[in-house]
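First up is the structure itself, then whatever we jot down about it.
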Protein chains: 2
Amino acid sequence: MRPLLHPSVDDITVEGILHALSDPVRVAIFADIVGSTCSQICSHFLTVRDRPIPKSTLSQHFKALREAGLILSERRGVEMHNSSRCAEIEVRFPGLISTIVKAHAMQLAGRHHGDKRTRKAPDPRIARGR
Amino acid sequence: MRPLLHPSVDDITVEGILHALSDPVRVAIFADIVGSTCSQICSHFLTVRDRPIPKSTLSQHFKALREAGLILSERRGVEMHNSSRCAEIEVRFPGLISTIVKAHAMQLAGRHHGDKRTRKAPDPRIARGR
DNA sequence: TGCTATGGTTCAGGACTTACGAACAATTGA
DNA sequence: TCAATTGTTCGTAAGTCCTGAACCATAGCA
């Protein structure tokens with residue numbers, strides 16, 4: 001089992017952050033971690049918003065968040081404790097994380113009555129041009 | 001040639017925006033469009049930050065930005081004029097676009113002396129665990 | 001010392017996405 | 001009508017992502 005890799009703050013990129021958070025499951029996980037006061041263990045997310053996530057997939061999602069520099073993962077016994085690196089990122093990219101998390105929350109809030117939209121809605125209405 | 005598809009504001013998603021902007025070429029293009037007062041034509045971006053972009057690739061990048069709801073594309077004669085949809089998005093996700101564009105600018109500014117880092121830097125320094 | 005349970009990781013495959021050259025389409029101007 | 005310009009589409013090769021199966025590491029208990 002190879003050691004956990006965390007980029008240093010200076011190696012964190014905007015593209016990396018955006019890519020990591022462009023997945024609906026990952027933003028949901030990250031938003032939860034950001035919103036909670038204590039660190040969260042991976043298995044807490046075996047279901048995300050009423051969908052079961054296979055544990056191999058979950059492991060990959062955590063790896064993605066970790067290597068984008070968004071979370072700090074620490075093994076404690078058999079568990080993996082995850083906390084956000086918001087404070088560090090805030091110094092490098094002020095407001096970025098909080099704005100994204102807020103936008104994500106707004107999107108969730110605006111999703112009423114069983115409107116189960118999940119991923120990059122290819123559902124365009126306006127068509128312009130020839 | 002099929003008609004251009006633009007999502008309505010309500011169909012724009014955070015995930016879609018983040019995914020579209022998680023590509024270094026696309027953020028660069030988008031930041032340029034946001035920063036300019038008049039609309040930009042696609043061929044203006046045949047080189048982005050000193051790299052040539054093949055035009056088929058460029059076309060796909062514009063499609064991605066358009067279908068994420070980030071830009072409005074209008075054909076005028078043989079050219080395609082692109083402008084940002086910031087104002088609309090601002091209503092739905094306040095601060096999101098400006099914060100991302102600003103973070104992107106900071107990252108560029110911090111990239112001195114030939115440090116050609118481009119994509120999700122897999123260059124980790126800190127290793128924890130075990 | 002085993003044995004077992006628990007929590008995560010790795011591997012391998014198939015599915016899906018992306019990049020880009022070549023061919024094509026639409027418009028303009030001569 | 002022809003050529004030039006600007007952008008799109010198609011096909012394929014390369015890359016990324018998802019996930020079940022197998023594995024590893026630790027803890028607790030007999």
Side-chain angles (χ1 to χ4, degrees), chain A residues 1-6 15-16 18-29 33 39-48 51-68 71-82 118-120 122 127-130, chain B residues 1-6 15-16 18-29 33 39-48 51-68 71-82 118-122 124 127-130:
Chain A
M1 222 147 257
R2 59 192 69 140
L4 303 173
L5 300 176
H6 295 83
E15 292 92 332
L18 300 192
H19 177 255
L21 297 181
S22 70
D23 180 279
V25 173
R26 284 194 300 256
V27 230
I29 291 173
I33 291 174
S39 61
Q40 298 289 308
I41 73 171
C42 298
S43 59
H44 180 243
F45 300 97
L46 278 170
T47 72
V48 172
R51 282 176 194 286
I53 312 293
K55 59 179 195 158
S56 56
T57 304
L58 197 59
S59 183
Q60 296 304 320
H61 282 322
F62 273 96
K63 188 182 179 200
L65 291 171
R66 189 164 54 236
E67 297 191 349
I71 61 171
L72 171 65
S73 305
E74 292 171 294
R75 201 186 300 278
R76 287 194 214 145
V78 82
E79 297 168 340
M80 188 80 108
H81 288 249
N82 301 281
T118 48
R119 209 179 214 275
K120 45 169 163 172
R128 293 177 231 222
R130 206 80 7 241
Chain B
M1 223 150 253
R2 58 191 70 139
L4 303 173
L5 301 176
H6 294 83
E15 291 91 330
L18 300 191
H19 177 254
L21 298 181
S22 69
D23 180 280
V25 173
R26 285 195 299 257
V27 231
I29 291 174
I33 291 174
S39 61
Q40 297 289 309
I41 73 172
C42 298
S43 60
H44 180 241
F45 300 97
L46 278 170
T47 72
V48 171
R51 282 176 195 286
I53 312 291
K55 58 182 194 155
S56 58
T57 303
L58 196 57
S59 184
Q60 297 304 318
H61 281 323
F62 273 96
K63 188 183 179 199
L65 291 172
R66 189 162 54 235
E67 299 191 349
I71 61 171
L72 172 64
S73 305
E74 292 170 294
R75 202 188 299 279
R76 289 195 211 143
V78 81
E79 296 169 340
M80 188 80 109
H81 288 248
N82 301 282
T118 49
R119 210 179 213 273
K120 47 170 163 171
R128 293 178 229 225
R130 177 94 20 255

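By convention in this document, chain letters (A, B, ...) are assigned in the order of the sequence lines, proteins followed by strands, and residues within each chain are numbered from 1.
For the pair Ser22(B) (side chain) and His19(B) (backbone), a donor-acceptor distance under 3.5 Å is present. Asn82(B) contributes a side-chain N or O that, together with a main-chain N or O of Gln40(B), makes up a donor-acceptor pair within less than 3.5 Å.
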Are there any protein N/O atoms within less than 3.5 Å of an N/O atom in nucleotides 10-15 of chain C, and if so, which ones and at what distance?
residue, atom, partner, partner atom, Å
dT10(C), OP1, Arg2(A), N, 3.3

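Among residues two or more places apart in sequence or in another chain, the side chain to side chain donor-acceptor pair (under 3.5 Å) test is passed with Gln60(B) by none. Scored by the side-chain contact (heavy atoms from CB on, under 4.5 Å) test, Thr57(A) finds Ile53(A), Pro54(A), His61(A) as partners (sequence neighbours excluded). In terms of the side-chain contact (heavy atoms from CB on, under 4.5 Å) criterion, residue partners of Ser43(A) (sequence neighbours excluded) are, by chain and number, Ile41(A), Leu46(A). Legend: residues meeting side chain to side chain donor-acceptor pair (under 3.5 Å) with His81(B), ordered by chain and number and at least two apart, are Ser39(B), Arg76(B), Glu79(B).
Between Leu58(A) atom CG and dG20(D) atom C1' there is a gap of 15 Å when expressed in whole angstrom units. Rounded to an integer number of Å, the gap from His19(B) NE2 to dC17(D) P is 9 Å. Across the protein-nucleic acid pair, Leu4(A) atom CG and dA25(D) atom P stand 13 Å apart, rounded to whole Å.
Among the heavy atoms of the strands lying under 4.0 Å from Ile41(A) are primed sugar atoms or P, OP1, OP2 only; no base atom is included.
For the pair His61(B) and dT17(C), the criterion of a side-chain N or O lying under 4.0 Å from OP1 or OP2 is not met.
Map Pro54(A) and Gly77(A) each onto its nearest nucleotide of DNA chain D; the residue landing nearer the 5' end is Pro54(A).
End-to-end axis angle of the helix from dT1(C)-dA30(D) to dA30(C)-dT1(D), from C1' rotation axes over five pairs per end: 10° (rounded to 10 degrees).
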